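The structure under discussion appears below in the form of structure tokens.
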Amino acid sequence: MRIAMIGTGYVGLVSGVCFSDFGHDVICVDKAEAKIQMLQDGKVPIYEPGLEVLMAKNVAAGRLSFTTDLANAVKGADAVFIAVGTPTRRGDGHADLTYVMAAAEEIAYAMDGYTVVVTKSTVPVGTNRKVQEVVAAANPEAEFDVASNPEFLREGAAIDDFMRPDRVVVGVENDRAAEVMAEIYRPLYLRDFPILTTDLESAEMIKYAANAFLATKITFINEIAGLCERVGGDVKEVARGIGLDGRIGNKFLHAGPGYGGSCFPKDTAALARIGQEHAFPMQITETVMRVNDEVKKRMIEKIREACDDSFNGKTVAVLGVTFKPNTDDMRDAPSLTIVPALIGGGAKVRVVDPQGRSEGEALLPGVEWVEDPYAAAKDADAMVLLTEWNEFRALNLTQMAAEMKSPRMVDLRNIYSRDKVKKSGFETYVGVGR
Ligand SMILES: NC(=O)c1ccc[n+]([C@@H]2O[C@H](COP(=O)([O-])OP(=O)(O)OC[C@H]3O[C@@H](n4cnc5c(N)ncnc54)[C@H](O)[C@@H]3O)[C@@H](O)[C@H]2O)c1
């Protein structure tokens, strides 16, 4: 199969690289010239474990290339994937479809021969039909079908998720498009990974429903954590106790500083908006969004309390600022709410993150970036563990406590046990829901 991937970001790049590893010929397209130049030079513009090696292998095999020339990439392609961003539209929470529709129109002008136009971006129900209209209007001669193929990969484990998915969802309207999609995903089909073929609308809804459900699960345990703090109980034990129930499952039950990242905040907002527009409010999702905002605020109060009720004049070491470990993605990370509150309250903030600095520097003005957690903690009044990078899981706590001005730990990921922290010389340990 010849594939053109439009949009070479976190999803487009990983998908393009993995499709080429399946044996397809893939051209990845992006408007950002600097990004394409880097990729042509063999460098990966994002941090994603394993991506660079897999990319180099497939470039060397002649199956994978990068360009800014959309028209040339689309010519002769069996399938063109749209993997551009669908950020929250300013003001109303709706998914901004400008990039998707612009890409669809450009694809339409460039297509020759039968092509399947596949939307991989996360888009509201009805978008694939709009893509169909846009393509047909721009190029009435075009011979094409549309397909919806939402992506479920997780940043930080993206290659494994793509190569060994829980399921692949394909929304199509006829056999011809279904056959092209089946051929593209053949290597997964042969290995018995579930491939679910649905209509266009169901495929689009599956993606929003999945993300809203996961956001709900996290938010639920975060709320239980808040109650544990009032009435007693350790949310880690509670999560284990409920997670062993097969109907509930143990994933996404880690209490923490609230969900963030490039998907959950914007996708819950978009789903809520769709509900409002159709006079069917998504009450659970709307509540989840509100509770999640409150969780982040509660974290700020937790840190303030640990700092004797004032940030003014305090030095705070923040360990981890990306929205989760193993990514450099800072979009909607809890750190973007928490760190400015510390600085706004008069604290001096030192930040350490294994991959977050290049994205984070512009987003967190006024912080001091340091290279290792011990340097961050030196003479500090408090240490806040915000992202659970492996590097922060086995700290020498005795050394850290000895170097701090007042050894206090706010562990927003519940990595450490209170006993261990206290025995290491910390005077205060504050976790979440325990
Ligand atoms: N990031 C994730 O973990 C994830 C997971 C599942 C689904 N998604 C969805 O996938 C989509 C893409 O997300 P992302 O995180 O990869 O976004 P991203 O912002 O990292 O990448 C989008 C890329 O598209 C490029 N682009 C925009 N318009 C273009 C055009 N007309 N032609 C060529 N390139 C164009 C941009 O320059 C950018 O590089 C979104 O809808 C998102 O919701 C993301």
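Note that the structure is predicted; figures quoted are calculated from it, not measured. Remember, it's 1-based here, ligands and their atoms both numbered in the order they're listed.
Within the 4.0 Å heavy-atom shell around ligand 1 one does not find Arg154. The closest approach between any non-hydrogen atom of Ala102 and ligand 1 is not below 4.0 Å.
In summary, the side chains of Glu105 and Tyr109 do present a donor paired with an acceptor at a separation below 3.5 Å, with no hydrogens or angles considered. No hydrogens or angles considered: a donor-acceptor pair under 3.5 Å links the side chains of Asp96 and Thr98.
Given atom 6 (C) of ligand 1, the protein heavy atom at minimum distance is Glu151 O, 3.2 Å. For atom 22 (C) of ligand 1, the closest non-hydrogen atom on the protein side is Gly85 N, 3.7 Å. Atom 28 (N) of ligand 1 has as its closest protein heavy atom Val84 CG1, 3.5 Å. Residue, atom and distance of the protein heavy atom nearest to atom 24 (O) of ligand 1 are Gly7 CA, 3.4 Å.
With atom 32 (N) of ligand 1 as the reference point, the heavy atom nearest to it among Lys31, Lys266, Glu48 is part of Lys31.
Looking at Tyr10 next to ligand 1, an N or O pair under 3.5 Å apart turns up. Residue Thr122 has at least one nitrogen or oxygen atom sitting less than 3.5 Å from a nitrogen or oxygen atom of ligand 1, judged on distance alone. Ligand 1 has a nitrogen or oxygen under 3.5 angstrom from a nitrogen or oxygen of Arg331. Note: an N/O pair closer than 3.5 Å links Asp30 and ligand 1 by distance alone. Considering backbone and side-chain N/O atoms, Val11 comes within less than 3.5 Å of an N/O atom of ligand 1.
Salt-bridge formation is not detected for the pair Arg129/Glu204: no Lys NZ or Arg NE/NH1/NH2 atom is positioned less than 4.0 Å from an Asp or Glu carboxylate oxygen. Classification of Asp332 and Lys266 as a salt-bridged pair fails, no side-chain N sitting under 4.0 Å from a carboxylate O. The pair Glu277-Arg273 counts as a salt bridge, with a side-chain nitrogen and a carboxylate oxygen less than 4.0 angstrom apart.
Taking the six-membered ring for Trp and thresholds of 30 and 60 degrees, Phe252 and Phe264 have ring planes inclined between 30 and 60 degrees apart.
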Take Glu155 and Ser262 through the side chain to side chain donor-acceptor pair (under 3.5 Å) test and state the conclusion after the steps. CA-CA 9 Å; Glu155 288 174 19; Ser262 62; 3.3 Å; yes
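Those atoms of ligand 1 that come under 4.0 Å of a heavy atom in Glu155, given as number and element, are 1 (N), 2 (C), 3 (O). Close approach of ligand 1 to Thr86 is summarised as follows: ligand atoms under 4.0 Å from at least one heavy atom of the residue are 40 (C), 41 (O), 43 (O).
Here Tyr208 and Phe213 keep their ring centres 6.0 angstrom or further from each other.
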